[in-house]
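Below you'll find the structure, written out as structure tokens, and then a few comments.
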Amino acid sequence: MLVLVAPGQGAQKPGFLTPWLDLPGVTERLTWWSAVSGLDLIHYGTKADEEEIRDTAVAQPLLVAAGLASAHALFSEGAESHRDGLGASAGHSVGEITAAAVAGVLTEEAAMVLVRRRGLAMAEAAAQAETGMAAVLGGEQDDVVAHLTKLGLTPANVNGAGQIVAAGTAEQLAALAEDKPEGVRRVVPLKVAGAFHTEHMAPAVSALQTLVEGAPVADPRLPYVSNRDGQVVTSGSEVAQRLVAQVSNPVRWDLCMETFQKLGATAIIEVAPGGTLVGIAKRALPGVKTLALKTPDDLEAARALIAEHAVPVAGTPAE
């Protein structure tokens, strides 16, 4: 069983879209999505520097566009065919919007409108106070969470495999650097604009709630695994509501991976710019094959993995 996953903010690197533009249709799609989102995605994905693409309002649309473009390239028969054979889709944080489009909950245009507004709203919320995030590596999960709570921090991303991302004010993060939980190897500050997936993002939730009430949504056409609790969500309207609420609530990627196991996952492919989620899966899901789409050079191996692990479409003989 094959799961397609999409990375969250921080996965982007300067120029990472450049090799993808050599593929048929990618430039045209990105040009269209640029018009839809009001952001020059080709410029930001090829020429912008690290500081420019770190901007939350830029990074989030750029990541969703890259994920969708690489999914199109991977499933070359067309936009609809990329659902065929997938056992589930999921995304980390903003990657949930990519996953929702892959699952057919959102059109690609609706996904780009939503992610652009999400990025702007979260950037505006982050500007209201000096906040941030830091990766806490190692330690027992319950002990780490208890220590973060004692310091007033939120375990904003519980990623599994010994990785939790703490979020809060600059003062709280400084206290964490001085007073690490028992068993923790390192505390690594993250290059993000604010304390995402915490109460500091409440203003962004209000802005997005109004937007999604008029968004065209459909029920998922394949299992969609939610960051809230790792559950499979079968209602399109519920997916949309969860996308909004998740902005100020912790990402439970550990529970998503537990669900992948329960569904019988045998392989995971991470869309561009892949690498982060595959790295976690290698530690947390031994025996599950993984592949990250970093450049178009990875497409051939990814298609081979699909041929081996995707569920045959009803009425189609397995090869």
Side-chain angles (χ1 to χ4, degrees), residues 7-14 49-60 62-63 91-96 118-208 227-228 245-256 275-277 279-280 283-284:
Q9 199 165 334
Q12 72 278 6
K13 294 179 175 62
D49 61 25
E50 183 177 1
E51 190 66 28
E52 289 179 280
I53 63 173
R54 187 185 302 167
D55 180 352
T56 301
V58 171
Q60 293 191 10
L62 189 59
L63 286 165
H92 190 287
S93 189
V94 71
E96 284 206 291
R118 183 186 194 268
L120 288 166
M122 291 177 72
E124 291 166 5
Q128 295 183 18
E130 188 179 356
T131 60
M133 306 178 81
V136 182
L137 306 178
E140 292 295 326
Q141 180 168 305
D142 290 346
D143 294 341
V144 172
V145 169
H147 190 82
L148 297 180
T149 302
K150 182 183 74 173
L151 296 176
L153 289 158
T154 299
N157 300 165
V158 183
N159 290 330
Q163 184 189 105
I164 294 176
V165 175
T169 66
E171 292 80 6
Q172 291 166 339
L173 291 169
L176 173 63
E178 292 295 324
D179 180 18
K180 296 191 290 290
E182 183 178 354
V184 166
R185 301 189 307 278
R186 287 190 299 155
V187 174
V188 183
L190 300 183
K191 297 177 180 179
V192 296
F196 302 146
H197 302 291
T198 72
E199 60 186 6
H200 296 284
M201 292 294 111
V205 173
S206 299
L208 292 173
N227 281 181
R228 178 194 292 178
Q246 202 61 47
V247 168
S248 63
N249 284 286
V251 171
R252 293 303 306 267
W253 192 249
D254 59 331
L255 300 181
C256 290
T276 302
L277 300 181
I280 295 171
R283 298 189 297 274

Side chain to side chain donor-acceptor pair (under 3.5 Å) partners for Asn159, two or more places apart:
His92, Gln163
Side chain to side chain donor-acceptor pair (under 3.5 Å) involving Arg54 - partner list, sequence neighbours excluded:
Glu51
Could you name each residue pair satisfying side chain to side chain donor-acceptor pair (under 3.5 Å) that touches residues 187-207, not counting sequence neighbours?
Glu50-Lys191, Ser93-His197
Once side chain to side chain donor-acceptor pair (under 3.5 Å) is applied, what residue pairs with a partner in residues 120-131 remain, sequence neighbours excluded?
none
Just to verify, what does [X] make a side chain to side chain contact (heavy atoms under 4.5 Å, CB included) with, not counting sequence neighbours?
{"X": "Val187", "answer": "Ala134, Leu176, Lys180, Val184"}
{"X": "Thr56", "answer": "Gln9, Gln60, Met122, Ala123, Ala193, Phe196"}
{"X": "Ala161", "answer": "Ile280, Arg283, Ala284"}

Taking all heavy atoms of [X] and all of [Y], pick out the closest pair and write down the distance.
{"X": "Met201", "Y": "Ala125", "answer": "CE-CB, 3.8 Å"}
{"X": "Leu120", "Y": "Ala57", "answer": "CD2-CB, 3.7 Å"}
{"X": "Gly168", "Y": "Ala195", "answer": "N-CB, 3.7 Å"}
{"X": "Asp49", "Y": "Pro14", "answer": "C-CG, 4.1 Å"}
{"X": "Ile53", "Y": "Lys13", "answer": "CD1-C, 3.4 Å"}
{"X": "Met133", "Y": "Gly194", "answer": "CG-O, 3.3 Å"}

Separation between CD of Glu171 and CG of Leu153, rounded to the nearest 0.5 Å:
11.0 Å
CG on Asn249 to OG1 on Thr154, rounded to 0.5 Å
9.5 Å
Residues at least two apart in sequence or cross-chain that pass salt bridge (charged side-chain N to carboxylate O under 4.0 Å, His left out) with Lys150, listed by chain then number, are none
Sorted by chain and residue number, the salt bridge (charged side-chain N to carboxylate O under 4.0 Å, His left out) partners of Glu178 (sequence neighbours excluded) come out as none
Taking distance alone, no hydrogens or angles, what donor-acceptor pairs closer than 3.5 Å link side-chain atoms of residues 136-148 to residues at least two apart or in another chain?
unit_1	atom_1	unit_2	atom_2	d
His147	NE2	Asp179	O	2.6

Side chain proximity check, Leu173 to Pro189, heavy atoms < 4.5 angstrom:
no
Stepwise side-chain contact (heavy atoms from CB on, under 4.5 Å) test for Leu63 and Gln12:
CA-CA 7 Å; Leu63 286 165; Gln12 72 278 6; 3.6 Å; yes
